[in-house]
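First up is the structure itself, then whatever we jot down about it.
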Amino acid sequence: MRFALNLPVIQAVLYTLDRTTNYTAAGTFFEEVGEGDQVIVLCHGVGLDHTMWDRQVTALAPYFRVVRYDMFGHGRTAARPNVTAIGDFVVQLKELLDFLEISKLTLVGLSMGGVIAQGFAADAHERLEKLILMNTVYRRTDAELKGVRSRLKITVDKGLEPVADLALDRWFDDAFRRANPDVVTRIRNRLISNDLVAYSTAYEIFVEADREIGAALKQVRCPTLVMTGELDTGSTPELAYRMAADLCDAQVVILPGLRHLAPLEDPPQVNRVLLEFLGTDLLSS
């Protein structure tokens with residue numbers, strides 16, 4: 001099956017004529033593009049922002065109404081002093097949807113964004129048409145939490161630069177770094193430009209989220225895609241299958257040779273999987 005993804009003209013039109021950037025009443029920055037009947041909402045990972053989805057928006061916008069936003073304390077959305085749990089990020093997402101008058105959606109979350117998606121699914125599963133969990137975590141063991149807890153301590157003790165470099169080592173192999181130095185530099189700059197307090201708060205919430213989320217996926221009734229990289233050491237294939245075991249209608253895709261930032265590592269492969277799951281076969285050529 002081949003998809004018509006060579007869309008530079010459509011992309012240019014979407015981004016110059018049909019692009020809106022805005023803030024909700026509560027101060028959440030978002031971008032909205034495309035005019036399809038189905039709504040896709042994209043939620044980024046901790047320390048990143050809405051721009052991590054650039055290549056996915058290119059592929060999805062011709063077919064769907066696509067919304068991406070910045071979580072509290074990330075990108076263009078200011079931090080909130082009273083944010084202490086995943087539930088606060090779920091409330092932010094619900095406020096965004098209400099602001100945009102979105103009652104039904106497909107929700108896509110990567111890493112911490114995937115945990116927020118799980119929290120939303122547990123709280124408002126009736127609003128989900130489909131759910132896509134990418135390179136994320138679920139019901140981690142103490143052994144699986146050891147690495148993230150140590151990185152949180154490094155952040156608190158030493159600041160953003162050391163933990164950013166550790167992230168890049170996990171996320172990108174040497175071949176990708178050589179071939180895509182601009183991507184690596186952009187992600188590093190994004191990570192080290194975060195507010196230290198806001199980042200540390202969000203990261204701690206991510207580290208300890210399992211107690212809050214519990215077995216949330218047992219409440220999900222919609223079709224769900226669980227995707228991760230074969231070589232993702234934090235959001236492992238084992239974790240992906242653990243999620244699928246608690247879902248009633250799950251498809252697992254393990255992306256060969258990829259790590260944690262699959263949407264940036266291999267956009268064409270990721271986009272093909274997304275479009276297949278979202279049911280765009282009639283639009284393929």
Side-chain angles (χ1 to χ4, degrees), residues 14 18-26 28-45 48-72 74-75 77 86-136 138 213 216-217 219-227 243 247-251 253 263 270-271 273-280 282-283:
L14 287 170
D18 192 34
R19 184 181 185 186
T20 60
T21 59
N22 241 318
Y23 287 88
T24 69
T28 294
F29 175 83
F30 69 93
E31 286 188 355
E32 182 179 17
V33 67
E35 296 182 348
D37 293 333
Q38 292 177 267
V39 179
I40 312 291
V41 177
L42 305 169
C43 187
H44 63 80
L48 303 172
D49 65 9
H50 70 282
T51 62
M52 67 152 285
W53 298 112
D54 283 350
R55 296 288 296 275
Q56 283 64 58
V57 172
T58 300
L60 296 172
Y63 313 123
F64 305 101
R65 177 184 173 193
V66 183
V67 177
R68 54 180 173 167
Y69 71 102
D70 288 337
M71 301 187 311
F72 289 136
H74 291 72
T77 300
I86 285 292
D88 297 313
F89 290 97
V90 173
V91 169
Q92 179 194 18
L93 173 57
K94 292 172 73 175
E95 187 270 337
L96 170 67
L97 298 178
D98 293 344
F99 181 84
L100 294 174
E101 300 181 342
I102 295 170
S103 58
K104 292 282 189 178
L105 69 148
T106 290
L107 182 57
V108 183
L110 180 138
S111 194
M112 181 172 171
V115 179
I116 295 168
Q118 293 169 35
F120 179 88
D123 192 54
H125 64 86
E126 72 284 352
R127 298 178 72 170
L128 288 173
E129 294 182 331
K130 293 184 177 181
L131 178 64
I132 301 175
L133 303 173
M134 299 179 64
N135 300 83
T136 192
Y138 183 68
I213 294 297
L217 295 185
Q219 302 178 52
V220 176
R221 295 293 173 262
C222 66
T224 302
L225 171 64
V226 183
M227 185 191 318
M243 289 178 235
L247 289 159
C248 69
D249 184 1
Q251 174 185 344
V253 174
V270 169
N271 293 344
V273 174
L274 292 177
L275 288 168
E276 287 174 2
F277 178 72
L278 293 169
T280 57
L282 297 177
L283 302 172

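Worth saying up front: this structure is predicted, and the values here are computed from it rather than measured. The residues of the chain are indexed from 1 along the displayed sequence. Computed over heavy atoms, backbone and side chain alike; hydrogens, waters and symmetry mates excluded.
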- Message: Working note: L100 + V67, criterion side-chain contact (heavy atoms from CB on, under 4.5 Å); need CA distance, chi angles, decisive distance, verdict.
- Response: CA-CA 9 Å; L100 294 174; V67 177; 3.8 Å; yes
- Classify the ring geometry between F29 and Y23 as parallel (under 30°), tilted (30 to 60°) or perpendicular (over 60°). perpendicular
- Item | Ionic contact status for K94 with D88, cut-off 4.0 Å | no
- Query: Do we see a donor-acceptor contact under 3.5 Å between the side chains of T24 and E95?
  - Reply: yes
- Item | side-chain contact (heavy atoms from CB on, under 4.5 Å) assessment of R127 paired with F120 | CA-CA 9 Å; R127 298 178 72 170; F120 179 88; 4.2 Å; yes
- Would a distance-only check, ignoring hydrogens and angles, find a side-chain to backbone donor-acceptor pair under 3.5 Å from H44 to M71? yes
- Item | Under-4.0 Å salt bridge between D249 and K130 | no
- CG-CD1 distance between L110 and I132, expressed to the nearest 0.5 angstrom: 11.5 Å
- Item | Salt bridge flag under 4.0 Å for residues K104 and E129 | no
- Message: F64 vs D37, test: side-chain contact (heavy atoms from CB on, under 4.5 Å). Steps then yes/no.
- Response: CA-CA 6 Å; F64 305 101; D37 293 333; over 6 Å; no
- Do R65 and E35 meet the salt-bridge criterion of a basic N to acidic O distance under 4.0 Å? no
- Message: Please report the interatomic distance CG(L133) to CG(L225), rounded to the nearest 0.5 Å.
- Response: 8.0 Å
- Step by step, would you call R68 with D54 a salt bridge (charged side-chain N to carboxylate O under 4.0 Å, His left out)? CA-CA 10 Å; R68 54 180 173 167; D54 283 350; 2.7 Å; yes
